[in-house]
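Since the structure comes first, as structure tokens, the remarks are kept for the end.
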Amino acid sequence: MSDHTKTDLVTLSRHVLADQQAHPAASGDLTLLLVSIQLGCKFVATCVRKAGIVNLTGLAGETNVQGEDQKKLDVLANEIFVNSLRSSGKVAIMVSEEDEDMIVVSDTDRDGDHASYAVVFDPLDGSSNIEAGVSIGTIFGIYKLLPGSKGTTADVLRPGREMVAAGYCMYGSSTTMVLSTGGGKVHGYTLDTTIGEFILTHPDLRMAPRGKLIYSINEGNSVYWDDACVEYFGALKSRTVDGKPAPYGARYVGSMVADVHRTILYGGIFAYPADKKSKSGKLRVLYECFPMAFIVENAGGRATTGTKRILDLEPTKLHERSGIFLGSADDVAELEAVYAKHA
Ligand code: AHG
Ligand code: MN
Ligand code: MN
Ligand code: MN
């Protein structure tokens, strides 16, 4: 008997559809929305891979609401996702890192009341790594509109624990999509470019309470760290076992998608803390912290500001930032204990 798994490919579309159909009330709308996001990721992946050839690297010549110099790929990826989300007919409003204001989908582009989702996204994460060919990605989170809402900021200025789905796509040595629709389930899919489908390759991703001993933080900012951070990361570096040095390993890519993906697969702790230089941290709550925290928690990990669960934050501004520590539950719990001691 041949190994049927080689001829019975589980695609993302099929897997999400089966997963959603397990919910009696499922209308298929979320499935169609996720399929449109999948199209956006495939399109961006092709642009990323040929960027150096078709003059898509470098600056676009504009700055965004973050005060960052936009890269050409930031702008292109943003246009691709706005169009793929709008064309799904299931989206009422969107918030993008690259647009200062919320984007409201016109009634003509809505599939009636099926346009019942709000999507927050970072179209291209890790832009500083584009020219170096280092892994970059896309991050997204999805809220169901509040009852009776046609789409206002109130639908997204709410705790991340109310998201119905979140995911990221990493444009690395392979193009990998990691997705959770809650319920403690996280799945990973790898793009097979020969057939243009994301194939289920990492079913039911789980994070052990303690994985590999890795910490992931920009140590260039250590002069700005608060006392709790100095103590916690100092202890990881001076760790001993039976009196012999046994420090944690250090890994830092500088693309949140790549650092978080490694942390989910291998274990350890990723951090971008609030510090004396970035008083509210650097990473944005809606489309970086919430989606990654949603995924990590559903895989069995933890995500905190140091003193508060990330998914319990209640943002008041679309581009609000927060400090974040996420990863293996035991590592993050130890970090929280140090912050509690310094409270
Ligand atoms: P973006 O490219 O979407 O603006 O995000 C960049 C973020 C995130 O990807 C990464 O974790 C962080 O910036 C790295 O910041 P530093 O270069 O300051 O370490
Ligand atoms: Mn940016
Ligand atoms: Mn980002
Ligand atoms: Mn970005």
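Because the structure is a prediction, the values reported are computed rather than measured. Ligands are counted one by one from 1 in listed order, and the atoms in each one are counted from 1 as well. Numbering of residues begins at 1 and proceeds along the displayed sequence.
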Looking only at side chains, do S13 and Q38 share a donor and an acceptor under 3.5 Å apart?
yes

E68 versus ligand 1: do any nitrogen or oxygen atoms come within less than 3.5 Å of each other?
yes

Who's the nearest protein heavy-atom neighbour of atom 19 (O) of ligand 1, and how far?
Y252 OH, 2.6 Å

What N, O or S atom of D122 is found closest to the Mn ion (ligand 3)?
OD2

Just jot down the ligand 1 atoms closer than 4.0 angstrom to any heavy atom of G254, in number order.
9 (O), 10 (C), 12 (C), 14 (C)

Below 4.0 angstrom from a heavy atom of E97, which ligand 1 atoms are there? Numbered from 1 as shown, please.
3 (O), 4 (O)

If hydrophobic clusters are built from ILVMFWY residues whose side chains come within less than 4.5 Å, do V91 and V82 share one?
yes

Below 4.0 Å, non-hydrogen atoms only: which portion of S255 touches ligand 1? Side chain, backbone, both or neither.
backbone

Proximal heteroatom of E288 relative to the Mn ion (ligand 3) (N/O/S)
OE2

Under 4.0 Å, heavy atoms only, figure out whether ligand 1 is touched by the backbone of E219, its side chain, both or neither.
neither

Which atom, counting only N, O or S, brings D125 closest to the Mn ion (ligand 3)?
OD1

Quick check on contacts: which atoms of ligand 1 are under 4.0 angstrom from a heavy atom of S127?
2 (O)

Enumerate the atoms of ligand 1 whose separation from the nearest heavy atom of M256 is less than 4.0 angstrom.
8 (C), 9 (O), 10 (C), 11 (O)

Counting only heavy atoms, which portion of D125 has something under 4.0 Å from ligand 1: side chain, backbone, both, or neither?
both

Numbered atoms of ligand 1 (with element) below 4.0 Å of E288, judged on heavy atoms:
3 (O), 5 (O)

For ligand 1, which atoms sit closer than 4.0 Å to a heavy atom of L283?
7 (C), 8 (C)

